[in-house]
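Inspection log for the structure reproduced underneath, given as structure tokens.
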Amino acid sequence: MSGITLVSANPSLESSLVELYGKSSAVRRVWSDQWRDPVETTMDVCAADPELLVIGSDMTSEAVRTLIPAVDRRFPGTTIVALVQTRDTDYAMDLLRLGARDVLDESTAAEEFRAEIDRVLEVAKIRRERTSHSDTALRRRVITVLSPKGGTGKTTLATNLGVGLARRMPNQVLLLDLDTQFGDCAPSLGLQPEHSLIQAMASPSHERSALKVFVTQHRSGLAVLAPPEDLAAADDIDADRLKPTIAALTEEYPFVVIDTAGGIDSACLAAMELSTDLLLVSTTDVPAIRALRRQLDALDQVGFVSQRRSFVLNRSNAKVGLSVADVEAAVGLETSFQIPSTRIIPVSTNEGVPVIEKEGGNVARKLEDIVDYYAPRQDDSSRTFLRALRKER
Ligand SMILES: Nc1ncnc2c1ncn2[C@@H]1O[C@H](COP(=O)(O)OP(=O)(O)OP(=O)(O)O)[C@@H](O)[C@H]1O
Ligand SMILES: [Mg+2]
């Protein structure tokens with residue numbers, strides 16, 4: 001990975017970059033009026049696997065908005081900088097959210113321009129080194145939310161985690177609802193899906209981009225794949241057909257959160273097989289805790305031991321005579337997170353607006369902690385820039 005790719009029809013911008021970085025600095029300019037879709041554009045633009053991608057201000061804002069997340073997803077090592085003619089804070093913030101590392105005025109003076117770019121590249125280098133042991137292994141996560149009992153908070157956690165992750169990485173997170181009969185992720189998010197998992201499973205050859213047709217988009221940037229409405233159709237979901245579908249979805253989305261029905265059914269087994277993480281949930285009542293202990297023993301016995309296990313104690317403040325330490329001892333797992341019992345959660349379920357979208361409260365912060373765990377915040381240039389922009393406002 002090296003060099004700079006400039007996406008622009010403007011040759012003088014290319015000359016400026018060559019002047020700035022010297023003739024030996026592999027600057028490559030690409031431009032086409034024939035690009036048909038974002039994938040094609042991304043492949044052309046990143047053909048040389050550039051370290052730095054500079055997007056000229058002559059690309060339409062719509063095209064820039066599609067290109068940035070597409071490059072970010074497929075070429076996470078490439079640092080993206082967008083140029084603008086006039087400073088529009090909302091547009092700049094949008095591009096940063098989508099994955100640009102910096103947004104610069106095209107008219108910025110040469111030295112300042114170079115200093116800014118060097119700073120961004122330095123941060124990118126540190127970030128790469130920090131995650132060098134495997135960028136994809138660190139980034140790609142399939143998180144299955146599990147509980148032996150019904151009603152413990154799986155859907156609450158799965159939807160909030162999905163939305164929280166998507167707000168940081170729009171269009172890179174899928175919430176797959178594998179509660180095949182009574183899944184309610186979509187209504188909990190105020191969505192009415194037009195398609196379901198059944199169509200995704202039937203999609204010929206599991207063409208990756210084709211699968212995206214069957215997801216429903218949430219305003220946060222989260223994609224949701226729902227089970228069928230028709231209970232009889234849920235019977236058609238078997239593990240052998242489900243596994244290749246999940247595998248294809250995990251190729252398309254770096255983060256997949258899977259909600260499950262209580263217990264361990266065949267869909268859940270298929271999901272666990274492909275998971276990197278298990279998020280186990282229990283409430284504080286003895287039957288739920290006993291069941292979780294037995295579930296963990298069963299997972300050990302059948303060899304599901306490689307996934308990272310985390311334990312959420314939901315309704316952790318319920319006064320039922322068991323302390324957190326009692327629960328941990330009984331389950332044999334330390335609690336990673338505790339969510340108190342609160343009226344806000346059922347209210348938000350009924351409203352179809354996840355708690356994490358209602359900024360600021362104690363519970364939203366606790367849910368953000370779970371998001372942090374899977375997608376640690378990085379004190380990178382985009383955040384510094386975002387902070388600076390906020391101060392400016
Ligand atoms: N911490 C909490 N405080 C108060 N209510 C909660 C809490 N967590 C979940 N609930 C409520 O409990 C109910 C069940 O939660 P949820 O649907 O998330 O559980 P589930 O494990 O997915 O259930 P099922 O197994 O039926 O799918 C919902 O009405 C939800 O709003
Ligand atoms: Mg549920």
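This is a predicted model, so every value here is computed, not measured. In listed order, ligands and their atoms are each counted from 1.
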Polar atom proximity, T349 to ligand 1 (N or O, under 3.5 Å): yes
Is it the case that more than 12 heavy atoms not belonging to Q199 sit under 6.0 Å from its CD atom? yes
R114 to Y21 six-membered ring, cation-pi geometry met (6.0 Å, 45°): yes
Backbone, side chain, both or neither: what part of L157 comes under 4.0 angstrom of ligand 1, heavy atoms only? neither
Does NZ or CZ of R168 fall inside the cone over F255's six-membered ring, less than 6.0 Å from its centre and within 45° of the axis? no
Could you check L367, L222, L279 and say which one makes a side chain to side chain contact (heavy atoms under 4.5 Å, CB included) with L161? L279
For residues 174-188, the side-chain hydrogen bond (donor to acceptor under 3.5 Å, both in side chains) pairs (sequence neighbours left out) are T155-D184
Would you say R308 has more than 12 foreign heavy atoms packed within less than 6.0 Å of its CZ? yes
Can you confirm whether Q217 is buried at CD, in the sense that more than 12 heavy atoms of other residues, nucleotides or ligands lie under 6.0 Å from that atom? yes
Go through it in stages, so that I can follow the logic: the residues are F311 and F337, the test is ring-ring contact (aromatic ring centres under 6.0 Å, His included), and I'd like the CA-CA distance, side-chain angles, deciding distance and then a yes or no. CA-CA 7 Å; F311 175 28; F337 308 98; over 10 Å; no
With nothing but distance in play, are any N or O atoms of N314 less than 3.5 Å from an N or O of ligand 1? yes
Note: ligand 1 atoms sitting under 4.0 Å from heavy atoms of P340 are 1 (N), 2 (C), 3 (N)
Identity and separation of the nearest protein heavy atom to atom 2 (C) of ligand 1: I345 CD1, 3.5 Å
Which atoms of ligand 1 sit under 4.0 Å from any heavy atom of P346? 4 (C), 5 (N), 31 (O)
Any chance the side chains of N10 and S8 put a donor and an acceptor closer than 3.5 Å? no
So is there a nitrogen or oxygen of T260 less than 3.5 Å from a nitrogen or oxygen in ligand 1? no
Nitrogen or oxygen atoms of T342 and ligand 1 under 3.5 Å apart: yes
Looking at atom 14 (C) of ligand 1, what's its closest protein heavy atom, distance included? G151 O, 3.8 Å
With side chains defined as the heavy atoms from C-beta onward, is the minimum distance between V312 and L280 less than 4.5 Å? no
Check whether any heavy atom of S341 sits under 4.0 Å from an atom of ligand 1. yes
Does atom CD (E351) have a neighbourhood of more than 12 heavy atoms from anything else shown, all under 6.0 Å? yes
What is the number of protein N/O/S atoms located under 2.8 Å from the Mg ion (ligand 2)? 1
Hey, are K366 and D369 close enough for a salt bridge, meaning a charged N less than 4.0 Å from a carboxylate O? no
Verify, without hydrogens or angle tests, whether K154 (side chain) and K149 (backbone) share a donor-acceptor contact under 3.5 angstrom. yes
Around atom CD of E40, are there more than 12 heavy atoms from other residues, nucleotides or ligands closer than 6.0 Å? yes
Which atoms of ligand 1 have any heavy atom of T152 under 4.0 Å away? 19 (O), 20 (P), 21 (O)
Heteroatom distance test (G153, ligand 1): nitrogen or oxygen, under 3.5 angstrom: yes
Numbered in order shown, the ligand 1 atoms found under 4.0 Å of a heavy atom of T155 are 17 (O), 18 (O), 20 (P), 22 (O), 27 (O)
Any protein heavy atom nearer than 4.0 Å to atom 7 (C) of ligand 1: yes
Are any of the N/O atoms on T156, whether in the backbone or the side chain, positioned under 3.5 angstrom from an N/O atom of ligand 1? yes
Nitrogen or oxygen of G150 less than 3.5 angstrom from that of ligand 1: no
So which heavy atom in the protein is nearest atom 21 (O) of ligand 1, and how far is it from that ligand atom? K154 NZ, 2.8 Å
Check ligand 1 against D179 and write out every atom of the ligand that is under 4.0 Å from a heavy-atom position of the residue. 27 (O)
So for atom CZ, which belongs to R290, do other residues, nucleotides or ligands contribute more than 12 heavy atoms lying within a distance under 6.0 Å? no
Measuring from atom 11 (C) of ligand 1, which candidate in K149, Q338, R315 has the nearest non-hydrogen atom? R315
